Amino acid sequence: MAPFRLFNTLSRTIEPFAPADGQTVRLYTCGPTVYNPAHLGNFRTFLFEDLMRRAIRLRGWQVEQVMNLTDVDDKIIVRAAQQGKTIREITEPVVEGFHADRRYLRIEDAEHYPRATAYIPEMIALVERLVANGVAYQAEDGSVYFAIGKFPTYGRLSRLDTREIQSGARVAQDDYAKENAQDFALWKAAKPEDEACGAAWDSPWGRGRPGWHLECSAMAMAILGETLDIHAGAVDLIFPHHEDEIAQSEAATGRPFARCWCHGEFLLTDGAKMAKRVGNVQNVADLRTNGVSGAAVRHFVFSTHYRKQLNLAAEALEGSIEAVRRLRDFADRLAVATGGTAALEDAADALETAVREAMADDLDAPAAVAALFEFVRAANRELDRGGREAGPLARAREVFALVDGVLDLIPAPVQADAELAAWVEERLAARREARARRDFGTADAIRDELTARGIAIEDAGGTTRWKVG
RNA sequence: GGCGCCGUGGCCAAGUGGUAAGGCGGCAGACUGCAAAUCUGCUAUUCGUCGGUUCGAUUCCGACCGGCGCCUCCA
C-alpha cells in the first residue's frame, strides 16, 4: 500500500503522513467566527477538512477532530453593541445556523466543537505559562502581548520576512501599546463595550478577553494534547494566525505544536477571493433557495484539488447539479438491479483502487471523482447488458457504498407527498391505458401534464418509473 | 516592494519528458410509438506568448503578457 501523503505547509512538500500513535489522527481545524453565517468560501475549507477526515478513516485510522467556534471577537462585540445584546445572544443563533448549513453540505460532525468562551481558564493558564517563560509581557494598556522577538523561529511557517513591513502590505492600525509592531495580543484588556456585552473575564492582568490566536492554541492543547497530528485551515490563516499559534504554543510547551499543517485554497467569485469585505459572498441559504443540493456543491468543490483556487461559475455549478443527478439515477438503478457481469466486478475493483490511491495522494478528490464517473459509465454499460451474476453486483454495491462514504455526492431523492404520489399513479394508469390502445396523443398529453407538475417519467421495460425533478 | 499560485476544448477541470482524465454542454447513432434515462461514436494535432534545453515539452529553464492570493486578527 502506497504511503498516505499530505502537503505540509511547514516543508512546502508532500510528505508521508501517519498519526503519531499509529491509530488516531488528532486533527484541529479552525472553525468559524460566529457573528454572521459562514459563506461558501468558508465552507470550501470545511469541505476539504471533511474530505480529510473521511480519507483518514478510509485509510483505516480513527480521527478525533476539533473545530472551534470563535464566539468572542471584535466583530461580535461590535455587533452586540449595535444591537444592545450580549455576545451570547449574537452568537447562539449563528452557531445553530452554522450546523444547519454544515449538515446541508453533508459535512460530518467533528468530535468536538469547543467555544472559546468555555475555555477562558485554559487560555489564562496558557498566558501565565508564557509570562513565566519570559516571552509575554503586559503593556501599559493592560493587554498582554507575545514578544515575537523572543521566539527565534517566528515566521517559519509563513516564510515571511519579519524584519520589515513592505510597501503594499496592509498596515495595521496600531490600537494597542505593543513594544514591537508585530507582537500580537494574547489577552486584551477589557473596554467598557466589552463589559457591556459580556465579553470580559477576570484574569491575573485584570478584566479582559482572549486574543484570537490564543483561543485555538488553548483549546487544541486542552482537548488533543500538546502536539497535534494535523492542523488545518485555509491559506489566509497561515499568517498571522497559525504562525502565532505556533509561537505561543511552542514557547509554552517546548514541543512542536502540529506535526503537519494543511491549508486549503480559496473559493473565488467573479475572479476575486470570496469575502465579506469584497462583497461577493454567497451563503448556503442562497443555494438552498436556488435548489442547489449539498451533493452538487460537494461535486463542484471536489472537482478541483483543495490546494488550487476554484472559481465559482454558475455554469459549472449547473454542471455539477446534472452530474450528481446522474449519480442519483445510477444509485437507484444499482439498488434494483438483479445481477451483474464479470466486467462489472472489474470496474468495481478498479474504482476502489483508484479512490484509495487518490485519497492517499494528498486528497486528490478530482481523481477520485473522475474514477467514480468512469465506474458509473462502465457499470451502466454492464447493467444494460443484463448480467445475472450476484457476486459482481454485490461487489459493485459494496464499492459504490464505500466511495459514497468518502465523497458523499449522491443527492437525496426528492420525496413526493402522498397526495401527489396518488395523483401521479392515477395519471400513469390512464397513460398506460392510452398507450395500450396506441392512443399516443393522449399518452403524450398526460406526460406533458406530469412534466408541468415537475414529474419526470421513464418507460423502462414493461414499467414506468417516475420521480420528482 | 517581498513571498507564492495559476493561465489546458463552449463552461468547470485533471494530468504526464513521449504525444491530452473526468463532469457539463453540443452533434450523430443505438434503444423508444415518441420521449426520458442509458450506451456508443464524434467534439483541444493542441495545452497564454516568445525563446532555450532535449531525439522529443503541454509537462524542464528563461523572458514576457494576463489573472489571483498572502504580507497583523480574513476560511
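Computed from a predicted model, the values in this text were never measured in an experiment. Every chain is numbered from 1, with letters handed out A, B, ... down the list of sequences.
Checked against ring-ring contact (aromatic ring centres under 6.0 Å, His included), A:H242 has the following partners two or more places apart in sequence or in another chain: A:H231, A:W261, A:H263. Listed by chain and residue number, A:L6, A:F7, A:I14, A:H305, A:Y306, A:R307 satisfy the side-chain contact (heavy atoms from CB on, under 4.5 Å) test with A:D362 (two or more places apart in sequence, or in another chain). Applying the side-chain contact (heavy atoms from CB on, under 4.5 Å) criterion to A:N380, with sequence neighbours excluded, gives A:F330, A:R333, A:V376. Judged as a side-chain contact (heavy atoms from CB on, under 4.5 Å), and not counting sequence neighbours, the contacts of A:E458 are A:D329, A:R465, A:K467. Residues meeting the side-chain hydrogen bond (donor to acceptor under 3.5 Å, both in side chains) test with A:T464, sequence neighbours left out: A:D459. Listed by chain and residue number, nothing satisfies the ring-ring contact (aromatic ring centres under 6.0 Å, His included) test with A:H112 (two or more places apart in sequence, or in another chain). Remark: A:T29 engages A:L27, A:E49, A:Q65, A:M67, A:A232 in a side-chain contact (heavy atoms from CB on, under 4.5 Å) (not counting sequence neighbours). Annotation: side-chain hydrogen bond (donor to acceptor under 3.5 Å, both in side chains) contacts of A:N8 (sequence neighbours excluded): A:E15.
Taken residue by residue, residues 32-50 of chain A places heavy atoms nearer than 4.0 Å to RNA chain B at A:H39, A:G41, A:N42, A:T45.
Residue contacts for A:F373: at a heavy-atom cut-off of 4.0 Å it reaches the sugar-phosphate backbone alone, with no base atom in range. Residue A:N311 is classed as a sugar-phosphate contact, given heavy-atom separations below 4.0 Å to backbone atoms only.
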**OP:** Let me have a per-nucleotide readout for nucleotides 27-38 of chain B, 5' to 3', with B, S or -, counting only protein heavy atoms under 4.0 Å.
**Re:** ------BBBBSS
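Residues A:S303 and A:S320 are not in side-chain contact: their nearest non-hydrogen atoms beyond the backbone lie 4.5 Å or more apart.
Annotation: ring-ring contact (aromatic ring centres under 6.0 Å, His included) contacts involving residues 427-469 of chain A, sequence neighbours excluded, are absent.
A close approach under 4.0 Å does not occur between any side-chain nitrogen or oxygen of A:K75 and OP1 or OP2 of B:C73.
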Contact list (N/O, under 3.5 angstrom) for nucleotides 14-20 of chain B vs protein:
unit_1	atom_1	unit_2	atom_2	d
B:A14	OP1	A:H305	N	3.2
B:A14	OP2	A:K308	NZ	2.5

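In this entry B:U49 has B:A63 as its Watson-Crick or G-U wobble partner, both defining distances falling under 3.5 Å. Applying the Watson-Crick and G-U wobble criteria (two distances, each under 3.5 Å), B:G29 pairs with B:C39. The pairing partner recorded for B:C68 is B:G4, the criterion being a Watson-Crick or G-U wobble arrangement whose two distances lie under 3.5 angstrom.
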